[in-house]
Every structure is written in C-alpha cells, then in structure tokens.
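Chain A is the first sequence line, chain B the second, and so forth, proteins listed ahead of strands; every chain is numbered from 1. Only this structure's heavy atoms are used, side chains among them; waters, hydrogens and symmetry mates stay out.
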Amino acid sequence: MTLMALIALPLLAAPLVWWLGRDNPGRAGVLALIAVLADLALALTLFTAGGDAEPWLQRWQVDWIPRFGIQILLAVDGLGLLMVLLTLGLGAAAILASLSEIRERPGFYYFHMLLAIAGTLGVFLALDLFLFFFFWELMLVPMYFLISVWGHEDRDRAAIKFFIFTQASGLVMLLAILGLVWAHHADSGELTFSYFALLEAGLDPQFAFWLMLGFFLAFTVKLPMVPLHTWLPDAHTQAPTGGSVLLAGVLLKTGGYGLLRFVVPIFPEASAAFAPVALWLGAAGVLYGAVLAFGQEDVKRLVAYSSVSHMGFVLMGVFALNIQAWQGTVLQMLAHGLTTGALFVIAGLIQHHFHTRDMKRLGGLWHRLPRLGVMAMFFAVASLGMPGLANFVGEFLILVGSFRADAVVTAVAALGLIGAAVYSLILIQRVFQGPETETTASGISLDRRERFLLGALAVPVVVLGLVPQPVMDLAAPALAVLESLMPSGVLP
Amino acid sequence: MSMNDVQALIPLMILAGAGVVLVMLSAFVPRRGVVAALAGVSAVAFLLALLPYFGTQAVEVAELLVVDPLTLFFWTLLGIATLVSLIWLMVTPVAEHDGGAERYGLMVLAATGAMVLAAAQHFAALFLGLELLSVSLIILVAWQCRRALSIEAGLKYLVLSGLATGFLLFGMALIYAASGSLAFEITGRAHPAQVGELYWLAGMAMLLAGLVFKLSIVPLHFWTPDVYQGASLPVTGFLATVSKGAVLAVLVRLYFDMALADAGGLWMGLAVLAGASMLVGNWLALRQNQLKRLLAYSSIAHMGYALAALLAGGALALEAVVFYLAFYLATTLGAFGVLAVLSRPQHECERLDQLQGLYHHRPALALILTVMLFSLAGVPLTGGFIGKFYVLASGAASELWTLMALVIAGSAIGLYYYLRVVLALFRAPAETSSFRSATVPSTIVLVALTLVVLWLGLYPAPLSDGLARIAELALPG
Amino acid sequence: MELLLWLIPLLPLAGFLVLAVAGARLPKAGVAVVGAGSVGLAALTAALLAALFYNAGSDPVIARLGPWFRAGDLSADFTLYLDQLAVIMTLVITGVGFLIHAFSTEFMADEADYRRYFAYLNLFVAAMLMLVLADNLVLLFLGWEGVGLCSYLLIGYWHRDPANGYAARKAFVVTRIGDVALLLGLFLLFVELGEFSIQPLLAGAPLYFESGAARMELIAFLILGGAVGKSAQLPLQVWLPDAMAGPSPVSALIHAATMVTAGVYLIARLHPLFELAPVAQMMVALVGLATLLVAAWAALSQRDIKRILAYSTISQIGYMFLALGVGAWGAAIFHLVTHAFFKALLFLGAGRVIEHMHHEHDIFRMGGLRRVMPFTFGVFLAGAASLAAVPWLTAGFYSKDQILLAAAGAPELGTLLFAGGVIGALMTAFYSFRLVFTVFFGEPVTQEREHAGWRIQAPLALLGVLSIAGGLIPLPLEQVFPDHHASHALGLVLLAAGVALAGIALAWWTHGRRRPTGETANWPLWRRGLDRWQASGLGFDAVYGVLVETPFNTTARALRGEIVDRAVALVIAVNQGLNALTARLQNGRIRHYALGVVLGVLALLIPVVWL
Amino acid sequence: MTTIPLEHALMLAAILFALGVAGVLMRRNIVFVLMSLEIVLNATGLAFVAAGMRWGEPDGQVMFVFVLTLAAAEVTVALALMLQAVKHYGTLDLDILRRMRN
C-alpha cells in the first residue's frame with residue numbers, strides 16, 4: 001500500500017498545487033516541495049519494510065485490466081528503492097532550483113513537475129509490464145510540457161523531438177512486450193503482464209533476441225546511447241532548469257534501470273549474445289559524448305553531452321554482465337544524477353543571472369561568485385571521476401567489470417576518462433576562470449537557497465564517494481538475482 | 001414478419017419515423033430550437049428503446065438485420081454519437097439565412113441509415129443503410145448553399161460516393177452470381193465455391209473497395225479533406241464519427257461472417273491498403289494548418305490502424321476494432337466539439353492560428369482539446385493509448401510484425417502534428433485573438449466526453465470485459 | 001600506531017576541510033596556522049611514528065579504518081600500510097612539505113586568496129600521503145588522482161590569466177593519459193590475480209606468472225605508463241615545464257615532495273612485478289635514460305629560471321627511472337630523497353629571486369644578485385651544487401653516483417646506460433651553473449637588498465643543509481628491496497666526479513667569465529634554430545599539437561553540428577518530401593480523386609486474381 | 001428457350017460498367033459525369049438481374065429496383081447541387097470546382 005501511496009501522493013498533490021498556486025509562484029513551489037518531501041519521508045519508511053520474498057522489500061497488487069491479465073503490480077527491491085530515493089531527492093532539488101526562475105503560470109509548472117515525478121516513480125515501482133509501459137510513456141507528457149511551455153528559445157523543436165524519439169521507441173518496446181506476453185501465453189496458456197511470470201517465459205532463442213532488441217531500443221533511446229541520443233542535447237538545453245535536472249538526473253536513469261530490470265533478467269541468453277555489440281556501443285557513447293561536450297559553446301549543451309558520455313558507461317556496465325559492473329552501474333546512475341543535476345542547476349543559475357549560456361560571452365565568474373566557482377569546480381571534478389567522489393566508484397566498478405568481459409573495449413572506453421577531464425576543465429576554464437567579460441561584469445551573489453541547494457547536492461556526492469558500501473549492499477540482493485539468472489559460461 | 005421482428009425494429013422505427021417527421025416538420029416550424037429538441041428527444045428515445053435488449057439473445061429480422069450484443073453495442077455507441085452530433089449542430093452558430101432546421105431531420109435520417117448498417121447481415125440491408133446514410137449526408141454536407149465550398153464538397157462527395165457505390169453494387173452482384181445468396185453468412189460459407197470462386201473473390205474485392213471508400217482508406221481517401229473542409233463543423237463531426245463508425249461496424253461483421261481472413265489475396269490487398277493509409281494519412285497531415293483537413297488526414301491514418309487491427313483476425317481483433325471505434329468516436333466528437341464551441345457565425349474555428357494561446361483565455365477548453373489530441377496521438381491516460389494497445393496486442397497475437405511496424409511508424413509521424421497543435425494552444429496568444437466561451441450544455445457534454453476518454457484510458461476494464469463477452473458470443477468457437 | 005598512521009594523511013586533510021568550510025571566518029594568521037600547522041603536526045606525527053617504527057624492528061604496520069567498497073570478489077578498503085619505503089616517503093613528504101608550507105606563510109602573505117592557496121596545498125599533501133601509505137591499489141589511485149587534481153588547482157592558482165589555466169589543464173590531462181594506462185594495468189592485475197591489495201599481489205605474482213610472461217609484461221608496461229605520466233617522463237613530460245604557471249612554492253611542492261616522485265614510488269613499490277617483466281624493466285631504464293638526456297639537453301637553452309629547474313627535474317627523475325630500470329631500487333629512492341631537498345630549495349630560492357626581480361623570469365635580465373641577495377645566493381648555491389652533483393661535498397653526488405654505478409653494473413646495455421648517465425651529468429652540471437653564474441654573478445642589475453623573515457630563512461637554511469648533508473642520512477630499505485650489487489669501480493666514480501666538475505668549469509667558461517646577453521639575433525641560422533628547438537623542449541609540444549590536440553579540436557568542432565543529427569534531418573526531410581508529394585495529389589480535381597477510387601479497387605482486385 | 005449464359009450477361013454488364021467508370025474519369029462536364037454514373041449503376045442492375053437468373057430467384061430483380069431508386073434519389077440531389085454549382089462557379093466544368101485542395 002505504501003507503494004501505491006508513494007505514486008499517488010504527488011499525483012494527487014499535483015492538481016491541488018496547480019489550483020492553489022495558479023498565480024503565486026512562491027506558494028506553488030513550496031507546496032510542491034512539501035509534497036515531494038512528504039513523499040520522500042514515505043519512501044524512507046520502505047527501509048523498514050520486509051517480509052516479501054528476497055530480494056523484494058514490498059509488493060502490492062490489484063487487478064486492472066483483467067481481459068489481458070494486467071495488474072497494478074508494484075514492488076520494490078533495493079535497486080528500485082535507490083531509484084525512488086534519487087527521484088524524490090532530485091525532484092526536491094529540481095523544485096528548489098525552479099523557485100526563482102519560474103514566474104509564469106507557476107501552478108501549472110509544478111503540476112507538471114509533480115506529475116513527472118509521479119510517472120518516474122511509477123516506472124521504478126511497476127512490475128507489471130503494461131503498467132510499466134504506461135508510466136514509461138506517462139512521464140513524457142509532463143516533461144514535454146515543461147520543455148515546451150517554460151523552455152528556452154528553441155523549445156518547440158526540442159520538445160517535439162524529445163517526445164517523438166522517446167514515444168516511437170516506446171511503442172517498439174510495447175510491441176516487444178506484447179510479443180513476449182503472447183509467447184508466454186502460447187507457452188503456458190496464461191495471459192499475464194506480470195514481471196514475475198514473464199521471467200519464466202520459455203522463448204525461442206531467435207525470437208527472444210528480437211524481443212530483447214525491442215526493449216533495448218526503448219531503453220537506450222532514453223539512456224541515451226549513441227547514435228540515438230540526439231534528442232538529449234536539445235531537450236536538456238532548452239528545458240528550464242528544473243526540467244533539465246529532472247531529465248538528466250532521473251529520466252535518463254529509467255533507461256539504465258530498464259536494462260537492468262527487464263532486458264538482462266528476461267532475456268539473459270539474448271543479452272549475453274548481444275553484449276559484445278552493446279559494449280562497443282557504450283564505449284562509442286563514452287567517447288562521442290566526451291568529444292562533443294568539448295566542442296560545445298553552450299554551457300547546458302556541454303553538460304548534456306557529458307551525460308551522453310556518462311551514460312555510455314552505464315550501458316557498458318549493464319552488458320558487462322557481472323556483479324562488479326552492475327554495482328558500478330547503479331552507483332554511476334546515482335552519481336550521475338547528483339553531479340549532472342547539480343551542474344544543470346549551476347548552468348541554470350548562470351543563465352538566470354547573466355541571461356546567456358554562451359561560453360564565448362562568459363568568463364571570470366569565479367571573481368564575482370567564488371562560491372559558485374567552488375561548487376562548479378567540485379561537481380566538475382566529481383564528474384570527471386575523481387576518486388573519493390561518487391562518480392569514481394561507479395566508473396571504476398563498471399570498468400573493472402567490463403574489463404573482465406572485454407579488455408579491448410574497456411581500454412577504448414577508458415579513454416573517455418581523459419575526455420572527461422578535457423571537457424569538465426574547459427567548462428571551468430571558460431565560464432569561471434580567465435578575465436571577466438562584459439556580460440559577467442555585473443556583481444551579483446548567490447542567495448541562501450541557492451547555496452543550500454548546491455550544498456545539499458554536494459553532500460551525497462562525497463558520501464557516495466567515500467562510503468558507497470551501504471548503497472551497494474542495498475542493491476546487492478537484486479543484482480545477485482540477476483547473476484543467478486545468467487546462463488553459465490557467461491560470467492567470468 | 002412476426003411480432004418478435006417488429007419488436008426488434010422498434011428502435012429503428014423510432015429513429016426513422018422521427019427523421020421523416022422532423023424533415024417535414026421543419027417546413028412548418030421555422031424555429032430551430034423546437035426541431036433540435038425533438039431530434040434530441042428522438043435520439044434519446046432510440047437509446048432508451050435499446051434498454052430492453054440488453055441481456056437477451058440475438059434477434060434476427062428476416063435475414064436482413066440482426067440484433068445481437070454486437071449490434072447493440074454499435075447502436076449504443078452510434079446513438080450516443082448521434083446525440084452529441086445533434087448537440088454540436090445546435091451549439092454551432094449559423095448565419096440566419098441558412099435556416100437549417102431541416103438538418104436535424106436529415107441527421108436523424110442519416111443516423112437511421114447508420115443503425116441499419118450496423119445491424120445488417122444481408123447485402124440488401126447493407127445497401128439500403130449505406131445509401132440512406134450517404135444521400136442524407138450529401139445534403140447535409142452541401143447544406144450551406146451560400147458557401148461555394150459546401151456545394152463543391154457536396155458534389156465531390158456525391159460523385160465519388162456514387163462511383164464507390166457502383167463498385168459496391170457490382171461486387172454484390174458478382175458475389176450473388178457466385179454464391180446464390182445475399183446473406184453474409186451464407187455467401188461466406190459458399191466462399192470456396194466450386195463454380196465461381198473468381199467471381200466471389202472479385203466481387204468481394206469490389207464490395208470491400210466500396211466500403212473502405214467511406215472509411216477513407218488510401219487510395220480511396222481523396223475526398224476526405226475536401227468534404228471535411230466544405231461541410232460545417234457539426235456535420236463533419238457526424239461524418240467522421242457516425243458514418244465511419246457504421247461502415248466499420250458492417251465491415252467487422254462482413255469480415256467475420258465471411259471469414260475474409262482466409263481469403264489470402266484479399267487479406268493481402270487490405271493489409272497493403274491499411275499500411276498505406278497509416279503512412280499517407282500521417283504524411284498528409286504533417287504540415288497542415290487547416291484543422292478540419294488535419295482531422296481528415298488523421299482520420300485516414302486512424303482508419304488504417306483500425307483496419308490493421310481487424311486484419312489480425314480472431315476474437316481479440318474484434319474487440320480491438322470495437323474498442324478503437326469507441327475511443328475514436330469519443331475523442332473525435334470531443335475535438336470537433338471544442339472547435340464547434342469556439343466557432344462564430346460564418347466564421348468557423350478551423351485554422352491553427354485561431355487556436356493560438358487558447359490556454360491563456362479558455363484554459364478548460366484548451367485542456368480538453370489537449371486531452372483529445374493526446375488521445376488521437378495515443379498518449380497514456382487517454383483512451384487512444386488503450387486503443388493503440390489493443391491494435392498492437394491483436395497484431396502481436398497474430399504476429400503481423402510488418403503491419404505493426406507500420407502502425408508504430410505512423411504513430412511516430414503522427415505525434416508531430418498533434419503536438420504542433422498542442423504547442424499552439426499553450427503559446428502566448430496573438431493580440432488579436434479572442435475566444436468565445438462555452439455554453440453550459442456544451443461544457444457539460446465536453447467534460448463528459450473528456451471523462452469518457454480518460455476513463456477509457458485509465459480504467460478500461462469494464463469495457464474490455466464487456467467486449468470480451470461480446471466477442472465470445474459473436475464468434476463462438 | 002595504527003591511529004598515528006591514519007593521523008598522518010588525515011591531519012592535512014582536516015586542515016583542508018577547515019580551510020574550505022570555515023576558512024572564510026579565519027584571519028590570515030589563522031589560515032597560516034591551520035595550513036602550515038596541520039602539515040607540521042603531520043610531520044611530527046610522522047617523525048614519532050618513524051621512531052616507533054624503527055624501534056619496533058621495522059615491521060610493517062597495517063592500519064584499517066573500514067571498507068570503502070566491495071563488490072563480488074572485489075574489495076577496496078581504507079587501509080594504510082607502513083613499511084620502510086613508506087616511512088621514508090612520509091618523512092620526505094611531510095618534512096619538505098612542511099618547510100614549503102612554512103615558507104609560503106610569509107612568501108604568499110600578500111596574496112588575496114591566501115585561504116584557497118593553503119587549502120589546496122594541504123589537500124595536495126594529504127593526497128600524496130594517501131598515495132604512499134595506501135595498502136591497496138585503489139586507495140593508491142585515490143591519492144594518485146588527488147595529487148593530479150591538486151596540481152591542476154595549484155598550477156592554475158592565478159586563473160585570471162587564461163595561459164595559467166591552459167597550463168593547469170595540460171598538466172591534468174597529460175597525466176590523466178598515464179592514469180588511464182595505470183588504471184588498465186590495475187584492472188589486468190585484478191582480473192589475473194583477483195586482488196587489489198598490494199602485498200598479497202606482490203607475493204602472489206611470482207607464483208602466478210613466469211618471468212617474462214606476456215601478460216606480466218603488459219601489466220608492467222601499463223603501470224609504467226602511469227608512472228611516466230605522473231613523473232613527467234618521456235613521452236608525457238610535456239606538462240611539467242608549463243606547470244611553472246603556479247606560485248613558486250607550488251613548484252617546489254610538485255617537484256620535490258609530491259606529484260612527480262609518485263611515479264618513482266609506484267614502480268619502486270611494485271618492483272616485484274617489474275622483476276617479473278624484464279622487458280618492461282629495461283624499458284623503464286631506457287625511458288629514464290632518454291628522458292634524462294632529452295630534458296638536460298632542453299635545459300641547456302632555457303632562459304626562464306623556473307623552466308631550467310623544471311627540465312632539471314624531468315632529467316633528475318630520469319635518473320631515478322634509470323635506477324629503477326636497472327634494479328637499483330634503493331638508489332632511486334635515495335636520489336628521490338636528495339632531489340627533494342635540493343629541488344625544493346632551488347624552487348623556493350628561484351621564487352625569492354623572481355619576487356626580488358619583480359616577476360622577471362628571464363635569467364639574462366638578471367645578474368649580480370650575489371651581492372644584493374647573499375642569503376638566497378648561499379642556499380641557492382648549495383642546491384645547485386647538489387643538483388650538479390659536486391663530488392663528495394653534496395648529497396646529490398652520492399645519490400647520483402649510486403645510480404651511475406648501478407647503471408654501469410646492469411647486466412644488459414650497462415655501458416650505454418652509464419655513458420648516457422655521465423653525459424647527462426655533464427649537462428646537468430653545466431646548466432645548473434649556467435643558471436647560477438648568469439643570475440648571481442656579473443654586474444648587479446639592481447641595488448635593492450633582500451629582506452626576509454625567519455619563516456623564509458629557516459626553511460631555506462634547513463633545506464640548504466640537507467642538500468649538502470642529506471646524503472649522509474641512512475635510508476634503511478633492506479626489508480623492502482632485494483640487495484643490489486652495484487659496481488664499485490673507483491674509476492667510474494672518478495669519471496662521474498670529473499664530469500660534474502667539468503660541467504661547472506664549462507659553465508664558468510661560457511657564462512661566468514663571459515657575460516652572454518642572451519641576445520640571439522646575430523647568431524647564425526643553424527644555431528638560432530638549434531636554440532629554439534632546445535628551448536621548446538625539443539618540439540614535443542608542437543608534435544603533440546599536430547598529432548593529438550589539433551585533430552581532437554578539429555573533430556570536436558566538426559562534430560559540433562552533430563553528424564548523427566543529419567540522419568535525423570534526413571528522416572525529417574523525407575517525411576516532409578512525402579508530405580509535399582501526397583499533398584500535391586490532393587489537388588481538388590474530382591476526376592483525379594475518382595482515379596484514386598479505381599486504383600483502390602484495382603489494388604484489391606489484382607492480388608485476388610493473382611494469388 | 002435459349003438462355004443467355006451467365007458469363008455473357010456479366011461480361012456485358014462489366015463492359016457497361018467500365019464505360020461508365022471511364023466516363024466519370026474522363027468527362028469534365030457535370031451532366032455527362034452524372035450520366036456516366038447512371039450507366040455504372042444500371043450496369044450493376046444488369047449484373048444483378050443476370051445473377052438472379054442463374055439461381056432462378058427474384059432477389060436479383062429486387063436489388064435492381066433498389067438500385068433504380070437510389071439512382072433516382074441521387075440524381076435528384078445531384079441536379080439540385082448542379083444548379084447551385086452553376087450559380088457559384090458559373091460553369092458545368094467539374095475541373096473548375098477545386099477551391100479546396102492543398
């Protein structure tokens with residue numbers, strides 16, 4: 001029941017916030033924040049949950065569309081719980097980041113914000129494949145509105161591109177889900193969309209491979225994987241700050257989560273067969289994202305491409321198919337959410353204060369805003385994989401794991417670490433260092449809320465970097481299940 | 001004709017009688033309101049007259065018509081659609097000199113034709129219903145005779161639908177020649193007829209072409225945008241919903257009664273046409289700024305999806321088509337309703353720029369239209385999503401991967417133009433724009449339609465369970 | 001003892017945290033106390049610990065703090081390991097580091113961003129300590145990257161000037177190339193041996209690998225790659241000369257106590273692996289030899305006082321690599337220690353000179369400073385003498401001598417290695433004293449007298465003493481390294497000694513007795529070209545520019561428009577084209593529409609008739 | 001009594017039908033188009049009658065009556081529309097009626 005409440009709370013709060021905050025930005029934001037924080041508190045109670053079969057912490061189900069054996073089946077394990085916490089944490093951060101930026105139609109804005117959060121929570125909790133797909137598509141809609149109504153100059157194109165990319169690939173996944181369901185039906189006579197039942201589906205290997213590709217496509221568009229990533233720079237750049245934070249921090253994770261939750265366990269053999277290709281695709285993403293990030297002039301685009309690069313590691317981690325890489329994947333997703341989210345907050349602050357994201361017009365911000373400079377430096381350094389901060393543990397484990405799977409591709413991907421240094425530091429150089437420009441000559445300072453927000457994002461980055469073990473222990477049972485599903489001979 | 005038969009015909013009689021009376025009455029009672037009210041009452045009476053049939057066995061009327069659960073479902077659906085269309089006819093402002101009281105009668109007559117179609121199980125009934133529907137529609141389309149566009153639309157519809165009817169009839173004649181019967185089931189059973197299999201098949205091909213013309217399946221779709229544009233908004237709405245729904249209904253019955261799924265060549269031909277419709281319809285709509293034309297093109301694509309679902313065959317396909325029809329009717333009526341509500345006398349709301357910034361002035365209308373557009377696009381929360389799910393589910397069950405790939409491609413292309421309209425709604429309004437506000441009754445109907453669309457999207461279980469039972473009864477074994 | 005061990009890296013780290021978080025409220029004096037004090041305490045702790053350690057018979061100390069992360073059979077914990085090697089490294093880092101801190105408290109007193117400076121400095125020391133004390137390779141890598149980061153932060157300390165930022169990024173990126181190699185080496189080690197802890201690895205490797213096994217060689221090569229990056233050896237030496245952009249004490253720290261010695265330490269620490277990989281070990285020697293020659297050669301023509309010292313560092317580290325390559329592990333560490341003393345001294349001294357000359361770096365615009373800066377001259381001379389390895393008097397002589405003798409005794413290529421080393425020594429002596437003579441001799445360019453407080457003088461004096469007498473400090477390493485049998489031929493020792501003196505004499509001949517102006521305009525073309533080639537560090541930057549930097553920049557710029565988006569644009573264009581095409585057919589003509597109907601009928605009829 | 005073979009009758013109907021269709025496709029004048037439509041419909045009538053003959057049932061003829069009725073109704077509407085079209089467009093040329101297009 002907690003699980004349903006977890007989704008329902010932001011869902012029900014959304015219209016309320018819309019109505020009460022329809023023309024009062026402060027009130028709307030605070031109410032939305034309260035809703036998310038309340039939800040976070042609710043999510044924390046899941047730690048005390050227990051009793052369901054390992055690795056599941058809690059499960060809840062009720063019939064939805066019996067014609068197709070569709071249920072509202074929600075369940076959470078360590079992996080899901082981590083994603084839920086990330087969603088709510090970054091959701092709160094996204095709302096905080098929006099407070100001063102969103103002045104127009106605030107109620108409607110936070111309505112969509114809460115809806116997007118609810119949809120994402122649904123994705124992380126749903127274990128009926130139809131329900132999962134439902135939420136998967138659902139989270140797009142509010143995100144589309146966030147971009148298209150409150151976005152920057154080129155928002156229309158970005159919003160439509162984002163929507164078409166993700167929905168079209170989503171439909172392919174729906175087809176794959178249906179293929180899986182019917183195959184299971186033919187096999188067992190039972191029509192169901194339940195994850196637990198479909199795990200047992202006996203599939204023809206070749207058919208399974210095609211189905212796996214269907215899932216893979218949808219998840220890697222969201223991830224995103226090169227060359228399916230081109231919606232991302234546009235969407236991230238054009239979205240308002242809160243939207244960028246949510247997109248980068250949370251929505252991308254649904255792709256990695258989907259790969260871990262569905263692709264690998266349902267199609268272990270097909271995944272193993274496809275893994276060499278996926279590893280190379282991941283490595284290509286790592287390098288391509290890094291090179292393009294370096295080439296950008298727009299602060300937000302740079303950060304967006306850095307996401308492409310980081311998520312390339314996630315793809316590699318999933319398809320390295322061993323426990324280290326999976327642990328790394330989980331950590332990398334959390335770490336990327338925090339650091340990239342924070343970098344988007346910083347980019348948003350720059351845009352808000354100086355009305356430009358063009359690095360040619362920026363420079364020397366450190367002298368005006370030393371605190372912002374320090375925070376930017378911190379997150380840039382975290383993003384380039386400095387040991388002691390969160391991203392390192394993730395990337396290290398992923399690389400160890402993928403090295404076990406394929407040393408050559410890992411060696412290629414590791415070059416991305418050099419790329420990360422190049423683009424992260426050029427960002428700092430061009431925005432914060434060097435002489436001031438006309439644009440940045442005016443003196444401003446961060447207010448307390450902005451400082452708090454960045455600080456609050458920095459703390460978990462350090463904690464995850466130094467004490468990642470509790471998080472890893474939380475995810476471990478779920479990943480151990482994955483390991484047990486892999487065909488013998490795949491794991492090194 | 002037994003009493004039983006008569007009883008079965010009561011709802012039809014109500015509608016037919018009302019139609020005739022209304023047409024004549026409008027000659028003497030110049031006030032639109034009275035006629036409109038009576039028309040509405042007749043539609044409600046039709047729906048009420050259906051109540052006794054629920055839960056009864058199928059009733060056949062002299063080989064021609066059958067009133068079974070499927071028919072009842074179609075009748076209910078089409079009856080409600082007719083009622084809503086009549087309401088839109090009422091709320092759309094018209095210029096004084098256009099009068100237009102007769103239109104209510106004509107619409108009721110057309111609806112009668114639609115009901116006959118939906119219950120037909122014999123070619124004669126099919127023909128009669130189709131022509132009653134068509135001829136009334138032609139007059140409705142061409143009604144605003146001071147508008148050149150109306151006349152043009154009427155003539156186009158008349159000539160092309162006449163031609164299509166010619167093919168339909170010739171096809172019937174060939175089937176009759178081959179099988180010796182005009183009843184669906186008997187001719188269907190005669191299908192691998194030793195004598196004239198070629199006649200039968202050729203006849204079937206022509207017959208189907210005549211039917212899918214009404215559904216605007218590519219390449220018989222050319223009339224659609226012009227007729228949509230030329231007719232007045234509520235008539236277009238009626239055309240897009242009741243007329244298409246009735247034809248789809250009879251097509252469903254034909255398809256299953258005659259076991260067309262087994263006629264390889266025909267199936268392939270229909271599949272090609274369905275695929276072409278999905279793509280061409282969406283391509284046509286891509287950069288369209290005329291909303292009626294846009295909806296016309298979108299309907300081409302949607303009928304392609306529905307046809308694809310039908311082609312999957314089996315009980316699930318039947319359910320899929322019927323569900324698709326249900327959500328499509330509700331959604332389309334909602335969309336046309338919003339446009340109708342926003343129209344002014346002689347100045348219909350039909351261009352995209354007329355909608356710009358609607359959200360800022362009439363947020364409720366904008367949100368309703370958004371829901372409808374999302375439903376057409378197949379976005380979750382709306383009936384359109386479940387509709388598309390049904391299509392893909394039936395396609396996947398029959399492993400029609402190519403056709404389903406086309407459904408996905410079409411949907412992806414389609415997103416673009418639906419989202420374009422949505423974008424316009426939420427953009428900053430142009431300075432000159434002003435919007436009418438909705439009246440209470442139209443608001444109620446619009447809200448009801450929205451709730452239906454959302455209900456279909458969120459909790460389709462009651463409907464899907466009902467459809468499963470209907471399909472079970474309609475397709476024993 | 002475990003606690004003390006942890007205190008050593010944590011004290012400077014605490015200093016960093018205090019300065020970073022609460023430093024804004026501290027006055028400058030407070031910052032100085034925290035900044036220098038934390039390292040000073042660490043040095044005291046290290047000294048105490050060393051005493052305890054030696055007292056307890058030099059048994060290794062292991063201090064566990066807790067797990068860092070564990071996944072499957074992988075574990076990386078926060079565990080420190082202290083043995084003879086680590087003790088020496090810790091003492092050098094904290095000791096020299098503290099002296100540099102102390103020097104900085106006065107030297108940097110006018111700096112506005114005093115706090116940031118000391119915060120970085122503390123972090124630097126903490127990271128380096130973590131590196132040398134780490135029990136496992138992951139933790140070592142933490143320190144490894146940490147020093148990289150701090151060097152970046154400190155080189156780019158004056159970041160208003162984009163050139164400094166460039167130098168900082170260059171340092172970070174170039175060393176990161178090595179880091180990636182190292183990382184891959186660690187992975188390979190882990191995959192083969194299933195372990196990241198250093199001692200079990202070192203114990204396990206000989207059981208697992210035969211000497212010269214291909215994988216072992218590969219691992220050693222990859223580790224060498226990491227060492228080469230961090231220690232600025234060929235071919236990744238290019239970052240160090242530019243790293244002069246930071247304040248002089250930072251250079252002292254980078255070149256002496258931290259950072260560049262990390263590579264030497266790494267190879268020394270993992271020496272059993274290299275012993276199993278003879279090819280890689282020979283490669284270490286050759287890299288060292290090539291580097292020491294190239295850098296010394298480049299140093300001959302430098303005009304920037306700090307660049308001369310930078311190239312000398314590269315060259316001296318080359319000696320250490322040479323020693324490592326011939327298996328003279330102890331000699332390498334010995335040279336590392338003495339080098340730390342005199343190089344810290346030289347850089348701090350250079351900082352004094354530069355400050356005195358109002359930020360003038362060109363040695364040819366200096367002269368006669370001996371008269372106005374007698375104290376600085378004195379200590380600088382001690383440092384330079386040690387660098388030039390003035391025989392028997394200086395620490396540098398003893399350490400370098402060990403290396404040369406070890407090279408001579410190498411089983412393979414001994415003659416070549418020795419000869420190279422001797423030539424390098426000649427050049428070293430020459431450029432050291434070219435610097436001393438040019439800067440401190442001749443006519444004074446200024447009459448301004450130097451003045452320095454005790455916080456500057458004391459560290460310099462102490463370092464001066466160490467530069468001379470540091471060679472006498474015993475460095476017990478017998479538990480870590482196997483015995484090394486070096487050649488002890490007196491002839492070779494004399495040769496080395498003679499070469500150093502010859503170099504100094506040559507420098508006097510060219511730069512002491514005569515006073516070249518540094519003007520090159522009237523030189524013959526070949527000499528100007530040679531000079532420029534030398535001055536540019538043998539053109540490595542240009543080559544890398546053409547091979548790496550330009551292609552990367554061009555690619556990034558070319559891709560900025562997203563080629564992948566072209567494919568998307570193509571899809572869009574196709575759809576728009578189809579839109580236009582289908583829309584054209586919608587031409588309003590009834591007859592055309594009727595044709596559509598007929599076509600539709602045919603579309604259904606044809607398959608019926610044909611199938 | 002000689003009966004005409006079904007094939008022959010249907011062939012005739014088909015030819016008539018094709019002629020009618022060709023007329024619709026080729027004529028531009030509304031009147032001729034409507035006449036062609038009449039031919040199409042009557043061809044189907046013929047086909048029905050011929051088919052009815054084959055089975056010796058009245059159904060074919062019944063359908064023919066329906067077809068005639070339809071034809072009449074359609075022509076009525078068509079002529080009314082034709083008059084209006086002439087009023088608005090001043091021509092009987094169907095190709096002129098193309099104000100609505102893309």
Would you confirm whether R99(D), through its side chain, and L149(B), through its main-chain N or O, come within 3.5 Å as a donor-acceptor pair?
->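 A pair under 3.5 Å: no.
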Which atoms of [X] are under 4.5 Å from chain D, going by heavy atoms: the side chain, the backbone, both sets, or neither?
X: L163(B); answer: both
X: Y297(B); answer: side chain
X: Q288(B); answer: side chain
X: I138(B); answer: side chain
X: F167(B); answer: both
X: V135(B); answer: side chain
X: F127(B); answer: side chain
X: I175(B); answer: neither
X: L174(B); answer: side chain

Between [X] and chain B, which part of the residue has a heavy atom less than 4.5 Å away: side chain, backbone, both or neither?
X: V67(D); answer: both
X: L46(D); answer: neither
X: E7(D); answer: both
X: L97(D); answer: both
X: A50(D); answer: neither
X: A71(D); answer: neither

Between atom [atom1] of [X] and atom [atom2] of [Y], what is the distance when rounded to the nearest 0.5 Å?
X: M63(D); Y: L169(B); atom1: CE; atom2: CG; value: 6.0 Å
X: L155(B); Y: L34(D); atom1: CG; atom2: CG; value: 7.5 Å
X: S161(B); Y: E74(D); atom1: OG; atom2: CD; value: 5.5 Å
X: Y199(B); Y: R54(D); atom1: OH; atom2: CZ; value: 8.0 Å

Using a cut-off of under 4.5 Å on heavy-atom pairs, state which of G45(D), G20(D), S36(D), G52(D) scores highest against chain B.
->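 Most heavy-atom pairs under 4.5 Å with chain B: G52(D).
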Chain B contacts, top residue of L70(D), L41(D), V49(D), V77(D) (heavy-atom pairs, under 4.5 Å) =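 Of the candidates given, the most pairs with chain B belong to L70(D).
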Testing the basics here: between [X] and [Y], what is the closest heavy-atom pair and its distance to 0.1 Å?
X: L81(D); Y: G154(B); answer: CD1-C, 3.7 Å
X: F66(D); Y: L128(B); answer: CZ-CD1, 3.7 Å
X: A51(D); Y: A173(B); answer: CB-O, 3.7 Å
X: A177(B); Y: L10(D); answer: CB-CD1, 4.2 Å
X: A178(B); Y: W55(D); answer: O-CZ2, 3.6 Å
X: L158(B); Y: A78(D); answer: CD2-CB, 3.6 Å

Any side-chain heavy-atom pair of Y89(D) and E152(B) under 4.5 Å =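 When only atoms from C-beta onward are counted, E152(B) and Y89(D) do touch, with a gap below 4.5 Å.
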Could you check if a side-chain atom of F170(B) sits within less than 4.5 angstrom of a side-chain atom of V40(D), using non-hydrogen atoms only?
->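 Of all side-chain heavy-atom pairs linking V40(D) with F170(B), none is under 4.5 Å.
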Most contacts with chain D, counted as non-hydrogen pairs under 4.5 angstrom, among G162(B), G180(B), A124(B), G171(B) =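 Among the listed options, the one with the most contacts to chain D is G180(B).
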Counting heavy atoms not belonging to M35(D), are there more than 12 under 6.0 Å from its CE?
->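 No, CE of M35(D) has 12 or fewer neighbouring heavy atoms, counting only those of other groups under 6.0 Å.
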So Y176(B) and E57(D), side chain to side chain contact (heavy atoms under 4.5 Å, CB included) or not? Walk me through it.
-> CA-CA 11 Å; Y176(B) 180 49; E57(D) 281 178 0; 3.0 Å; yes
